[in-house]
Amino acid sequence: MSSNGSAVGQLLWSGPLCVGWRRDQEGAVYHLATCLLLLGFMGGSGVYGCFYLFGFLGTGYLCGVLWGWFDACGLDIVLWSVLLATACVLQLAHLVYRLREDTLPEEFELLYKTLCLPLQVPLPAYKEIIRCCEEQVLTLATEQTYAVEGETPIDRLSLLLSGRVRVSQDGQFLHYIFPYQFMDSPEWESLHPSAEGVFQVTLTAETECSYISWPRKSLHLLLAKERYISRLFSALLGYDISEKLYALNDKLFAKFGLRFDIRLPSLYHVLGPAAPDAGPESQKDDKDVREPAASPPPQALPTSVQQTPPSSPPPAAANPPAPPPWVRMSRPDSSVLGEDSTSLVLEDFEEVSGSESFMDYQSDGEYMR
């Protein structure tokens with residue numbers, strides 16, 4: 001082991017030494033090339049970090065070529081510097097090509113930063129999504145209809161990019177659609193891929209609008225092929241539908257100041273319009289409900305009880321009469337409800353036989369208990 005150490009020491013210290021150091025210093029080009037290489041190796045990661053790295057390295061190697069050609073006069077220095085500078089230039093050209101390939105139109109780039117980047121959606125998956133809509137941005141003029149109730153078929157899915165769209169049913173306002181919200185997410189989710197249907201609402205542009213649209217068949221093929229994109233659309237559509245439902249919920253209120261929750265199963269009692277042909281019967285039922293239960297008629301007391309002296313207390317009743325039931329409040333008029341309350345589809349809130357209404361309670365906390 002000691003012999004090996006001595007051999008290494010002899011090789012290092014007994015080798016050829018510099019007979020004399022040069023008195024003149026290298027030129028400014030050599031020092032400039034060294035500084036540029038130092039700055040280049042301090043570059044970071046990412047696309048722009050690679051631009052910084054290869055930009056400074058390529059410039060430094062070009063300065064090395066000039067130094068080797070004019071000052072050092074060494075062919076090997078020139079050749080190596082040219083080779084390294086060429087590699088840096090080729091790498092920069094590859095980065096520029098990748099950036100041009102990844103460049104998106106302004107509308108789609110803003111859509112990606114607003115909707116998909118917070119969800120960490122990969123850029124290749126996003127490109128598949130916008131490729132399905134053929135990267136076309138459609139427009140709507142003011143007061144132009146996107147869909148007409150009962151006429152327009154459900155054959156696409158659209159996302160609003162700018163402007164504002166008004167949703168109405170039977171001429172009554174329901175809610176607005178704002179940028180980066182789906183325009184027909186409820187209609188999309190209401191149909192199977194092979195089913196057909198028409199819009200149940202009318203969508204009208206209140207301002208100049210722009211949107212993108214996916215054909216129904218093409219989008220279903222993409223969702224069937226790409227599982228990640230299918231899950232992404234499922235999450236986005238579910239969130240969008242919930243936002244629309246809560247927008248409707250914000251317009252419902254009662255005359256005593258309680259805000260209703262659309263998740264309550266007995267909201268039908270509040271919103272459901274009474275049938276016109278069943279008016280007298282319903283009024284009769286409400287009258288029967290409002291009347292308290294009549295107390296049983298007094299019966300004649302037995303002779304033994306009638307002869308009891310008045311000083312002795314009367315015996316307690318074995319079965320006291322039941323207290324009158326809670327008086328059910330009448331259904332509030334449609335004028336105190338939201339302007340769109342009569343336009344809601346209430347089949348899902350139909351009353352189950354024997355269920356209680358939210359209007360039978362004084363507060364929502366009592367209802368939940």
Side-chain angles (χ1 to χ4, degrees), residues 5 7-137 161-162 180 212 226 228-229 232:
V8 172
Q10 291 178 0
L11 182 62
L12 292 176
W13 299 108
S14 63
L17 300 177
C18 294
V19 179
W21 294 91
R22 294 177 55 182
R23 295 184 180 274
D24 55 339
Q25 302 294 329
E26 296 294 341
V29 179
Y30 173 79
H31 296 289
L32 178 61
T34 306
C35 292
L36 291 175
L37 293 177
L38 175 63
L39 292 174
F41 285 117
M42 295 172 63
S45 59
V47 177
Y48 297 102
C50 291
F51 266 107
Y52 177 90
L53 172 65
F54 292 110
F56 275 100
L57 289 182
T59 308
Y61 289 131
L62 286 178
C63 293
V65 172
L66 297 178
W67 170 73
W69 183 266
F70 293 105
D71 293 341
C73 298
L75 182 61
D76 53 348
I77 297 177
V78 173
L79 291 178
W80 275 110
S81 298
V82 169
L83 180 61
L84 294 174
T86 304
C88 291
V89 171
L90 292 177
Q91 187 66 36
L92 287 174
H94 177 66
L95 290 174
V96 171
Y97 172 76
R98 286 185 56 188
L99 282 180
R100 288 180 58 89
E101 187 181 9
D102 294 341
T103 302
L104 298 172
E106 182 180 358
E107 296 85 357
F108 292 99
E109 185 175 0
L110 186 58
L111 173 62
Y112 177 74
K113 292 180 180 179
T114 305
L115 195 62
C116 296
L117 190 58
L119 300 178
Q120 300 180 354
V121 178
L123 192 58
Y126 177 71
K127 289 183 177 180
E128 288 288 334
I129 295 174
I130 63 175
R131 193 177 296 118
C132 183
C133 68
E134 300 178 355
E135 300 185 9
Q136 292 183 357
V137 178
L161 297 179
S162 63
Y180 304 110
I212 57 176
E226 299 291 341
Y228 174 80
I229 298 178
L232 175 64

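Remember, predicted model here, so these are calculated numbers, not experimental data.
The shortest distance between side-chain heavy atoms of Phe51 and Val96 falls below 4.5 Å. Proximity of Leu115 to Val121: side-chain heavy atoms (C-beta onward) are nowhere separated by under 4.5 Å. Under the 4.5 Å side-chain criterion, counting only non-hydrogen atoms from C-beta, Trp69 is not in contact with Val29. Leu84 places none of its side-chain heavy atoms less than 4.5 Å from the side chain of Leu57. Side chains of Glu128 and Arg131 form a contact here, defined as non-hydrogen atoms less than 4.5 Å apart. Side-chain contact between Val82 and Val78 is present, with heavy atoms from C-beta onward closer than 4.5 Å. Two residues are said to be in side-chain contact when any heavy atoms from C-beta on lie closer than 4.5 Å; Trp67 and Ser81 fail this criterion.
In this structure, CZ in Phe54 is found 7.0 Å from CG in Leu95, a value given to the nearest 0.5 Å. Between Tyr61 atom OH and Thr86 atom OG1 the span is 12.0 Å, to the nearest 0.5 Å. In this structure, Leu111 CG and Glu106 CD are separated by 12.5 Å, a value rounded to the nearest 0.5 Å. Considering CG of Leu37 and OG1 of Thr59, their distance stands at 9.5 Å, rounded to 0.5 Å. For the atom pair CD of Glu109 and NZ of Lys113, the computed distance is 4.5 Å after rounding to the nearest 0.5 Å. Between atom SG of residue Cys132 and atom CD1 of residue Ile229 there is a gap of 8.5 Å, rounded to the nearest 0.5 Å.
Taking every heavy atom of both residues into account, Gly58 and Ala85 meet most closely at O-CB, 4.1 Å. In this structure, Ala72 and Ile77 approach most closely via the heavy-atom pair CB-CD1, 3.8 Å. Taking both residues in full, the closest heavy atoms of Gly60 and Leu36 are given as CA-CB, 3.7 Å, listed atom of the first, atom of the second, then distance.
In this structure, the side chain of Tyr126 engages the main chain of Phe108 through a donor-acceptor pair within 3.5 Å. Here the side chain of Tyr52 pairs no donor or acceptor atom with the backbone of Met42 at under 3.5 angstrom.
More than 12 heavy atoms of other shown residues, nucleotides or ligands fall within 6.0 angstrom of atom OH in Tyr180. Enclosure of atom OH in Tyr228 by more than 12 non-hydrogen atoms of other residues, nucleotides or ligands within 6.0 angstrom is indicated.
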Q: Begin from the C-alpha positions of Leu123 and Leu104 and carry the test side chain to side chain contact (heavy atoms under 4.5 Å, CB included) through to its verdict.
A: CA-CA 10 Å; Leu123 192 58; Leu104 298 172; 4.1 Å; yes
